[in-house]
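Working notes, beginning with the structure itself.
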Number of protein chains: 2
Amino acid sequence: MNQVVNIDQKLTEFSEFWTPKIVGDLNEQQVKLAKLKGEFVWHSHKDEDEMFLVIKGELKIEFESETKHLSAGEFLIIPKGQRHRPVADEEVHVLLFEPKSTLNTGDQQNHFTKNNLDKI
Amino acid sequence: MNQVVNIDQKLTEFSEFWTPKIVGDLNEQQVKLAKLKGEFVWHSHKDEDEMFLVIKGELKIEFESETKHLSAGEFLIIPKGQRHRPVADEEVHVLLFEPKSTLNTGDQQNHFTKNNLDKI
């Protein structure tokens, strides 16, 4: 049956950075949790908007023309096609909402790319 | 440009219960905030899964065969078609994630029904 998901509990179940874990599926979208630290790669998602909700820490999301700063309890929706780069000076925990089809590195393929995400 | 949304700030901007406010749009889905108190109506959503993420308070979601209890930092995905009733003994604040097409009372029309939601 339907499971209540405790976000803090799920966050204790993994430690890798930049490796989103699937914690929910609905309407062809997924809810993911991720731990971030350091600089990610510049990328964009051609067809998918992406939402970052910060659970813990301070996240910067760099765009070509500006940088957005997010604290715990804040979210940002990144429209499809917009180049961006998440940067976490210290460890950050985020909840992501995005279509099932979303690849973490979007139009880029590199050592950060995760093709098969775990469900936890 | 992209706006950072502070959930607590948005929650100060309205006080009505059972009146979701749209705070984000992505991928034909919407992010909504709502304040709940008391018993809602039994209903289901024929085509839409629905996610409740509790920001503050203790929420019960009754199903025909069980009741789920959610605290702050917990979420539950209610699959399409499943009859349910949210119950908040004390005031609860939730973030909802669901398709644009979702009507709050699903297959029911009554005094709780909100056809046009505000964007805040």
Side-chain angles (χ1 to χ4, degrees), chain A residues 1-11 22-33 45 47-56 58-84 93 95-102, chain B residues 1-11 22-33 45 47-56 58-84 93 95-102:
Chain A
M1 261 296 288
N2 313 335
Q3 290 298 318
V4 174
V5 176
N6 182 298
I7 292 172
D8 285 343
Q9 169 59 37
K10 287 289 186 195
L11 284 164
I22 300 165
V23 292
D25 277 277
L26 71 166
N27 307 304
E28 301 300 310
Q29 315 291 309
Q30 287 178 330
V31 186
K32 300 170 187 172
L33 292 174
H45 304 276
D47 298 315
E48 298 118 344
D49 307 321
E50 189 176 30
M51 175 169 160
F52 284 78
L53 168 58
V54 175
I55 305 298
K56 176 183 154 186
E58 304 284 330
L59 178 64
K60 286 188 283 194
I61 301 186
E62 298 177 356
F63 296 94
E64 286 173 343
S65 59
E66 62 174 351
T67 297
K68 292 292 187 182
H69 296 259
L70 288 88
S71 301
E74 294 184 329
F75 71 81
L76 181 64
I77 294 171
I78 300 170
K80 60 190 69 145
Q82 216 168 82
R83 287 190 79 227
H84 61 282
H93 299 169
L95 183 147
L96 305 169
F97 278 124
E98 53 194 20
K100 272 183 171 176
S101 53
T102 305
Chain B
M1 261 297 288
N2 314 335
Q3 290 297 319
V4 173
V5 176
N6 182 298
I7 292 172
D8 285 343
Q9 169 59 35
K10 288 289 185 194
L11 284 163
I22 300 165
V23 292
D25 278 276
L26 70 166
N27 307 306
E28 301 300 310
Q29 316 291 309
Q30 287 178 328
V31 185
K32 300 171 186 171
L33 291 173
H45 303 277
D47 297 314
E48 297 118 344
D49 307 322
E50 190 175 29
M51 175 169 161
F52 284 78
L53 168 59
V54 175
I55 305 296
K56 176 183 154 184
E58 303 285 329
L59 178 64
K60 286 188 284 197
I61 300 185
E62 298 177 358
F63 297 93
E64 287 175 341
S65 59
E66 63 174 351
T67 297
K68 292 292 186 182
H69 296 258
L70 288 87
S71 301
E74 295 184 331
F75 71 83
L76 182 65
I77 293 170
I78 300 170
K80 60 191 68 150
Q82 216 167 83
R83 285 190 81 227
H84 62 281
H93 298 171
L95 183 146
L96 305 170
F97 189 57
E98 55 194 20
K100 272 183 170 177
S101 54
T102 306

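Within every chain, numbering begins at 1; the chains are lettered A, B, ... in the order of the sequence lines, protein sequences first and strands thereafter.
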statement: Looking only at A:V5, A:L76, A:I55, most heavy-atom pairs under 4.5 Å shared with chain B are made by A:V5

query: To the nearest 0.5 Å, how far apart are CD in B:Q3 and NZ in A:K68?
result: 5.0 Å

message: Heavy-atom cut-off 4.5 Å, strictly under: side chain, backbone, both or neither for B:Q29 against chain A?
response: side chain

message: Pair A:N2, B:E66 - check side-chain hydrogen bond (donor to acceptor under 3.5 Å, both in side chains), show working.
response: CA-CA 10 Å; A:N2 313 335; B:E66 63 174 351; 5.0 Å; no

- prompt: Side-chain contact, heavy-atom cut-off 4.5 Å: B:E74 with A:I7?
  reply: no

statement: The interface call for A:I61 against chain B, heavy-atom contacts under 4.5 Å, is neither

field: Side chain / backbone / both / neither for B:V23 at chain A, heavy atoms under 4.5 Å
entry: both

message: What's the separation between atom OG in A:S71 and atom CG in B:D8, rounded to the nearest 0.5 Å?
response: 11.5 Å

- prompt: Quick one: of A:D25, A:L26, A:N27, who has the most non-hydrogen atom pairs under 4.5 Å with chain B?
  reply: A:N27

- request: Mind checking the NZ-CZ spacing from A:K10 to B:F75? Nearest 0.5 Å is all I need.
  value: 8.0 Å

- line: Shortest non-hydrogen pair, A:H69 vs B:V4, comes out as O-CG2, 3.9 Å

